[in-house]
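Some notes on the structure that comes next.
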Amino acid sequence: MNEDPTLTLKRLRGSIDNVDAALMYLLAERFKATKQVGVLKAEHGMPPSDPAREEQQLARLRQLALDAELDPEFAEKWFNFVVAEVIRHHTEAADGL
């Protein structure tokens with residue numbers, strides 16, 4: 001017997017909500033680490049941005065996206081958004097010294 005569509009919708013939305021919560025906590029952990037990187041860079045006069053590292057990470061994430069059957073263009077947009085925020089944090093850390 002098929003599940004009631006309303007119950008299916010509720011179940012699927014619950015799954016989406018759980019994934020969203022996990023993503024928020026994972027992003028928070030990521031930003032905690034990148035803020036520490038920003039402080040380290042600022043203390044040692046290193047530039048906020050590392051284009052070579054960003055290029056390597058982007059290639060890695062595009063491949064991960066393909067492996068996960070996710071659009072690599074979406075992965076690139078997400079990465080660029082996150083990197084812009086990380087660089088902002090690094091710049092703030094450098095300005096704070």
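Please read all numbers here as calculations on a predicted model, not as lab measurements.
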Q: Evaluate salt bridge (Lys or Arg N to Asp or Glu O under 4.0 Å) for Arg88 paired with Glu92, printing each intermediate quantity in order.
A: CA-CA 6 Å; Arg88 187 179 70 78; Glu92 286 177 0; 2.5 Å; yes
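For the side chain to side chain contact (heavy atoms under 4.5 Å, CB included) test with Val19, the passing option among Asp17, Leu23, Ile16 is Leu23; the others fail.
Proximity of His89 to Val37: side-chain heavy atoms (C-beta onward) are nowhere separated by under 4.5 Å. Here the side chains of Lys35 and Val39 are not in contact, with every heavy-atom distance at 4.5 Å or above. In this structure, Leu61 and Glu76 have side chains that are not in contact, with every pair of non-hydrogen atoms separated by 4.5 Å or more. Side-chain contact check for Arg62 versus Phe79: every heavy-atom pair is 4.5 Å or farther apart.
In this structure a side-chain-to-backbone donor-acceptor pair under 3.5 Å is present from His90 to Thr34. A donor-acceptor distance shorter than 3.5 angstrom exists from the side chain of Glu54 to the backbone of Asp50, with no hydrogens or angles considered.
The side chain to side chain donor-acceptor pair (under 3.5 Å) test applied to Asn18 returns no partner, not counting sequence neighbours.
Going from atom CG of Leu70 over to atom CH2 of Trp78 covers 10.5 Å, rounded to the nearest 0.5 Å. Rounding to the nearest 0.5 Å gives a distance of 6.5 Å between CG of Asn80 and CG of Leu58. Taken to the nearest 0.5 Å, the OG atom of Ser49 stands 6.5 Å off from the NZ atom of Lys41.
When the side chains of ILVMFWY residues are joined at heavy-atom separations under 4.5 Å, either directly or via intervening members, Met24 and Phe31 end up in a single hydrophobic cluster. Phe74 and Leu27 fall into different hydrophobic clusters, where Ile, Leu, Val, Met, Phe, Trp and Tyr side chains are chained together by heavy-atom contacts under 4.5 Å.
When all heavy atoms of Pro72 and Ala65 are compared, the closest pair comes out as CA-CB, 3.9 Å.
Other residues sharing the hydrophobic cluster of Met46, ordered by chain and number and joined by side-chain separations under 4.5 Å: none, the residue standing alone.
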